[in-house]
Amino acid sequence: MNLAEHVLRAGLAAPDRLAMSVLGLARADRWSHARLRQAVLGAATGLRQSGLAPGDRLLMRLGNHPGFPVTYLAAIAAGIVPVPTSPMLTAPEIGKIAAAIRPAMIIADQGIALPDHPAPVLPAARLADFATLPPADFVQAAPDDLAYIVFTSGTSGQPRAVCHAHRAIHARRMMFDGWYGLTPQDRLLHAGAFNWTFTLGTGLMDPWTLGATALIPAQGIAPEQIPLIASRHGATILAAAPGVFRRMLRADWKPWAGLRHGLTAGERLDPGLRRAWQERTDTDLHEAMGMSECSTFLSGSPARPAPQGTAGFPQPGRRIAILDDGGAELAPGAPGILAVHRSDPGLFLGYLDQPQETAARFHGDWFLTGDLAEAGPDGAVRTLGRADDMMNAGGFRVSPGEVEDALAGIPQIGEIAATELRVGPGSSIIAAFWTGSADEAQLRQAAERGLARYKQPREYIGLPALPRTPTGKINRRALRDIHAPSQQAAHRKDRT
């Protein structure tokens, strides 16, 4: 099998059908399935002619343009292992990644930081020439052979190289009904950039696998403008991170005929945002939970919406459990570690050159996600946050999401995050950070109404923006590091 061949197969039946359209305010760059296939397989030939061989690793340093998915699929088609990375990474950061993966080549756009590494650099501008080359044949592989490498976001430590097999494409089909409700007739608009793995999977590869149409906003389109281009081009499904939906809802627009629902992932969906979307559009917003090691596996869907306050249900075909510290499965209502069975086709092969770290993530046949959760009697799963993000308040464990949900409904709250801050030896407090124009008194009142006393933040800190990882997730480690005891003391002094 070959993952890229699987993605492009549906396009053979309708080569002239629209596969992708890059949407600007005035024009669109339209790609038929035939054009997409030629670009991918021509690029596969070009990569091979540039000196790459099957099994070589290709470090991708590309900007927000169609060359990103073309290069990714071309490498896999040719048996080369692509390693997509965020263009926001600095030279020292990408240097660590290059040292870990030892790429045979780097493909790069001008102006994007490169590592200090001896691998030759292939200019991304060559992709235009590659598109006219004879198409390469797909290099066939075993289902468990390495297909691509992605890096964890590094929210709680060093990013790790996550190795995935060709079989991962079979797991993505479980999302079609279990999350998307996707059909070949859909036009799925993903609001993310091309060079984000959320966009690459949900916004591009999955629609192409089914023969649906992918719509991507051109660079420079603001979230507030997305409803305008989505309505013009008949988008039936919108996908974005929660923060993008929040910004969409700030703009003045009306839902258009044909809009079916929205999809969100990347960070927790607060209930207030989901309600606001439902009220504006009379459609639902379906959240999925996943991770670099397994993509998404837990979600709500049009066929089975997530009950209020939960992340949804295990996708069809997934085997999920809540485990205690000893690895035993817990009954509904008991909190524990969320785990995925090792038989899942989407589960990673392991961390590159880290067998001990890989083994440490498993307990018997279960992969331990590191997330705390509990299942309800109906099978819906409520997530309680990362085990390493859980806060300690007077001996009680408190989930950041519980605090954030209690504050998220405040008008003009902006973005909200909660974390535990050390204030002295053996002493810590819960702190809430927000970016909007709401004042501290509003936050305190909302916390008093909705949270037990021990769960209420002791500090409220306004910020221009929340720190985020290169993949867009809230970086709680950075919040803790930035607001060390000395900064907290200065903050309290400023307030007085």
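Salt bridge R160/E357: absent, no basic N to carboxylate O contact under 4.0 Å. The pair D344-R319 does not count as a salt bridge, with every side-chain nitrogen at least 4.0 angstrom from each carboxylate oxygen. Note on R246 versus D270: salt bridge recorded, some NZ/NE/NH1/NH2 to OD/OE distance being below 4.0 Å.
A 4.5 Å side-chain heavy-atom check between I410 and W434 finds every atom pair outside the cut-off. Contact check for P271 versus D405: side-chain heavy atoms found under the 4.5 Å cut-off. Proximity of R468 to I474: side-chain heavy atoms (C-beta onward) are separated by under 4.5 Å at one or more points. No side-chain heavy atom of V150 sits under 4.5 Å from any side-chain heavy atom of F348. Contact of the L338 side chain with the T369 side chain is registered, since non-hydrogen atoms from C-beta on lie closer than 4.5 Å. Residues L23 and L189 have side chains in contact (heavy-atom distance under 4.5 Å, counting atoms from C-beta outward).
Around atom CZ of R30, no more than 12 heavy atoms belonging to other residues, nucleotides or ligands sit under 6.0 Å away. In the displayed structure, D378 atom CG is contacted under 6.0 Å by more than 12 heavy atoms of other residues, nucleotides or ligands.
L73 contributes atom CG, which lies 7.5 Å from atom CG of L3 (distance to the nearest 0.5 angstrom). Distance check, rounded to the nearest 0.5 Å: CE of M60 to OH of Y72 gives 8.5 Å. Residue L347 holds its CG atom at 10.0 Å from CZ of R361, rounded to the nearest 0.5 Å. Here the straight-line distance linking atom CG of D284 with atom OG of S301 works out to 9.5 Å at 0.5 Å rounding.
Ring planes of F245 and W277: perpendicular class, angle over 60° (limits at 30 and 60°).
No hydrogens or angles considered: nothing links the side chains of Y351 and T152 as a donor-acceptor pair under 3.5 Å. If you check the side chains of R173 and T209, you find no donor sitting under 3.5 Å from an acceptor.
No donor-acceptor pair closer than 3.5 Å links the side chain of D206 to the backbone N or O of F176. Put simply, the side chain of T310 never gets that close to the backbone of A306: no donor and acceptor are under 3.5 Å apart.
Remark: W31 engages no residue in a ring pair (Phe, Tyr, Trp, His ring centres under 6.0 Å) (not counting sequence neighbours).
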Give the C-alpha distance, both sets of side-chain angles, the deciding distance and a yes or no for side chain to side chain contact (heavy atoms under 4.5 Å, CB included) between Q315 and S299. CA-CA 7 Å; Q315 293 167 357; S299 53; 3.2 Å; yes
Test log, rule ring-ring contact (aromatic ring centres under 6.0 Å, His included), inputs H6 and H166: CA-CA 10 Å; H6 191 93; H166 285 266; over 10 Å; no
Check step by step if side chain to side chain contact (heavy atoms under 4.5 Å, CB included) holds for I101 and F151. CA-CA 10 Å; I101 67 165; F151 274 77; 3.7 Å; yes
Could you pull out all donor-acceptor pairs under 3.5 Å where a side-chain atom in residues 252-260 meets a protein atom, sequence neighbours excluded?
from	atom 1	to	atom 2	distance (Å)
W253	NE1	M248	O	2.7
W256	NE1	A235	O	2.8
R260	NH1	G181	O	3.1
R260	NH1	D186	OD1	2.9
R260	NH1	D186	OD2	2.6
R260	NH2	G181	O	3.1

